[in-house]
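Each remark here refers to the structure printed beneath this line.
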Amino acid sequence: MIDLRSDTLTRPTEAMRAAMAGADVGDDVYGEDPTVVRLEERVAGLLGHEAALFMPTGSMSNVLAVRSLVQPGQEVLCDSSAHIARAELGAHGAYSGVTMRTWTHPRGHVDLDAVRGLFAPDMGPFFVRTAAISVENTHNFAGGTVLPLQLLRDLKELATGLGAAVHLDGARLWNAHVATGTPLAEYGATADVLSVCLSKGLGAPVGSLLVGSADTVAEARIWRKRMGGGMRQVGILAAAGLHALDHHVERLADDHAHARLLAEACGVDPATVETNIVVVDRPDAAAFVGRAAAAGVRVATVGPTTVRMVTHLDVTRADAEKAAAVLADLS
Ligand SMILES: Cc1ncc(COP(=O)(O)O)c(C=O)c1O
């Protein structure tokens, strides 16, 4: 079976397991796990921010990132298919009392005119105040699309002028970085708080980081513990992340090339596939998934007429070629 349902399906490599087994550890709730500290400092540095906090998941990292910017009863603006709006099970409302209004963009980009139109300043007892704008780069449900750097810069300028903050869900920011060659710190400069994941394309079994100012991270540390996310000898997991940063970033270019092979096989213009995710519109999406599985390729539906396939560390060139041949036969 070639499994293209998600890039979260990767299993740690032997070398990653060895790095995990050999990690120096301590109690991270006491701030005494040297491997976690190393990972946090490294990721903060890569993104050009003061500090970072190791988190169990991207969802928790997003929840704490957004709540650091938006008070209960205030709102965040985002794309209607953003992960924070669609796939975090209402966590931002359920835990943080945050509401959302959305724009819709076919490639998941930020629509600056829509932001201008939606933005609500503090109007006392009349309207919900917009405290932050959230963007996702790369954009998962739009098909791994990369948000142009200039657009993100324009958004930061607009948000600053309006008195709002910017959150960037960078679960796959590494893919955007490799696809465009944009330094991570340039992306980092376009947001007040970011979340980045180690457990997607980078192939670590667990882990995300919330990245921002020292004050934001100090407060997020309290909220992480409050929500039951204080972890102890978690350097074992941070070591997987450090290994991934050393060995699994540049190779993302292979995943991107494999995704273009799959796109071509499914009748999608490969030039529209920027990273490791291909979305295919098919009225028979569920049946297509079933037929692909019967032929040895697992893909997933992410909407009634949308099939998604994702390339990753555990999909070799030969796997991608084989999957492309299977999918082309079904298309
Ligand atoms: C864009 C994006 N953000 C956040 C997440 C959440 O990550 P996690 O599954 O670790 O909670 C995902 C998960 O796939 C994602 O695709």
Side-chain angles (χ1 to χ4, degrees), residues 3-12 39 43 47 52-67 76 78-92 94-96 98 100 102 105 107-110 132 134-147 152 166-177 179 187 191 193-211 220 223-224 227-229 231 234 237-238 240-241 244 252 255 259 274-279 299-303 306 308-313:
D3 203 335
L4 303 171
R5 288 171 301 162
S6 175
D7 50 8
T8 57
L9 293 161
T10 55
R11 275 160 293 205
L39 175 67
V43 171
L47 289 158
L53 184 66
F54 190 51
M55 305 286 281
T57 66
S59 298
M60 190 166 175
S61 186
N62 277 338
V63 168
L64 297 198
V66 170
R67 76 142 303 287
V76 58
C78 62
D79 178 73
S80 59
S81 61
H83 198 275
I84 66 163
R86 220 192 137 194
E88 290 170 14
L89 308 186
H92 301 265
Y95 294 129
S96 311
V98 168
M100 292 179 183
T102 59
H105 188 286
R107 294 187 71 73
H109 289 190
V110 54
S134 177
V135 288
E136 188 175 308
N137 192 19
T138 66
H139 196 294
N140 179 348
F141 295 122
T145 49
V146 176
L147 274 64
L152 294 170
V166 175
H167 162 248
L168 195 156
D169 177 355
R172 297 183 180 78
L173 194 62
W174 323 100
N175 296 80
H177 159 65
Y187 285 130
V193 184
L194 300 92
S195 171
V196 291
C197 292
L198 306 165
S199 57
K200 314 289 182 300
L202 295 195
V206 174
S208 296
L209 290 107
L210 180 153
V211 185
W223 275 91
R224 184 184 67 174
M227 295 183 82
M231 301 175 286
V234 74
L237 298 176
L252 291 171
D255 295 347
E274 296 174 87
T275 59
N276 67 328
I277 302 179
V278 184
V279 287
V299 296
T301 54
V302 289
T306 314
R308 188 187 72 169
M309 44 201 82
V310 188
T311 53
H312 53 77
L313 186 60

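As the structure lists them, so they are numbered: ligands from 1, and atoms in each ligand from 1. Owing to the predicted nature of the structure, the values given are computational and were not obtained by experimental measurement.
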(message) Once you restrict to heavy atoms under 4.0 Å, what part of N62 touches ligand 1? Side chain, backbone, both or neither.
(response) side chain
(request) Write out the residue and atom name of the closest protein heavy atom to atom 15 (C) of ligand 1, then the distance separating them to 0.1 Å. (result) H83 CD2, 3.2 Å
(message) Against ligand 1, does M60 come closer than 4.0 Å with any heavy atom?
(response) no
(message) Give the atom numbers and elements of ligand 1 that come within less than 4.0 Å of a heavy atom of E88.
(response) 4 (C)
(message) Out of the candidates T102, V110, V66, only one should pair with C78 under the side-chain contact (heavy atoms from CB on, under 4.5 Å) rule; please name it.
(response) T102
(request) Walk me through it: do N62 and H167 pass the test side chain to side chain donor-acceptor pair (under 3.5 Å)? (result) CA-CA 8 Å; N62 277 338; H167 162 248; 3.1 Å; yes
(request) Report yes if some N/O of S208 lies less than 3.5 Å from some N/O of ligand 1; otherwise report no. (result) no
(message) One thing to verify: whether E136 and R86 come together as a salt bridge, which I'm taking to mean a side-chain N less than 4.0 angstrom from a carboxylate O.
(response) no
(message) Any heavy-atom pair between the side chains of N175 and K200 that's under 4.5 Å?
(response) no
(message) Counting non-hydrogen protein atoms only, what is the nearest one to atom 3 (N) of ligand 1? Give residue, atom name and distance.
(response) D169 OD2, 2.7 Å
(request) Taking the side chain as every heavy atom from C-beta outward, state whether R67 and H92 have any pair of such atoms under 4.5 Å apart. (result) no
(message) As an exercise, identify every atom of ligand 1 less than 4.0 angstrom from a heavy atom of S59.
(response) 6 (C), 7 (O), 8 (P), 11 (O)
(message) Just to confirm my output: which protein heavy-atom neighbour is closest to atom 10 (O) of ligand 1, and how far is it?
(response) G58 N, 2.8 Å
(message) So V302 and N140, do their side chains get closer than 4.5 Å, heavy atoms only?
(response) no
(message) With a 4.0 Å cut-off on heavy atoms, is H139 in contact with ligand 1?
(response) no
(message) Tell me the protein heavy atom at minimum distance from atom 13 (C) of ligand 1, and give that distance in Å.
(response) K200 CE, 3.1 Å
(message) I'd like to know whether V135 forms a side-chain contact (heavy atoms from CB on, under 4.5 Å) with L152, so could you lay out the CA-CA distance, the side-chain angles of the two residues, the decisive distance to 0.1 Å, and finally the verdict.
(response) CA-CA 9 Å; V135 288; L152 294 170; 3.8 Å; yes
(request) Can you sort out which atoms of ligand 1 are near R172, meaning under 4.0 Å from one of its heavy atoms? (result) 1 (C), 14 (O), 15 (C), 16 (O)
(message) Regarding ligand 1, does T138 bring an N or O atom to under 3.5 Å of one of the ligand's N or O atoms?
(response) no
(message) Using a plain distance cutoff, I'd like to know if A171 has any nitrogen or oxygen under 3.5 Å from a nitrogen or oxygen of ligand 1.
(response) no
(message) If we count only N and O atoms by modelled type, under 3.5 Å, do the side chains of S195 and S61 hold a donor and an acceptor together?
(response) yes
(message) By the definition side-chain contact (heavy atoms from CB on, under 4.5 Å), identify the one residue from L168, L194, L209 that meets it with L47.
(response) L194
(message) Students should be able to answer this: which protein heavy-atom is nearest to atom 1 (C) of ligand 1, and at what distance?
(response) E136 OE2, 3.3 Å
(message) So V98 and V63, do their side chains get closer than 4.5 Å, heavy atoms only?
(response) no
(request) Heavy-atom contacts with T57 under 4.0 Å: which atoms of ligand 1 show up? List them by number with element. (result) 10 (O), 11 (O)
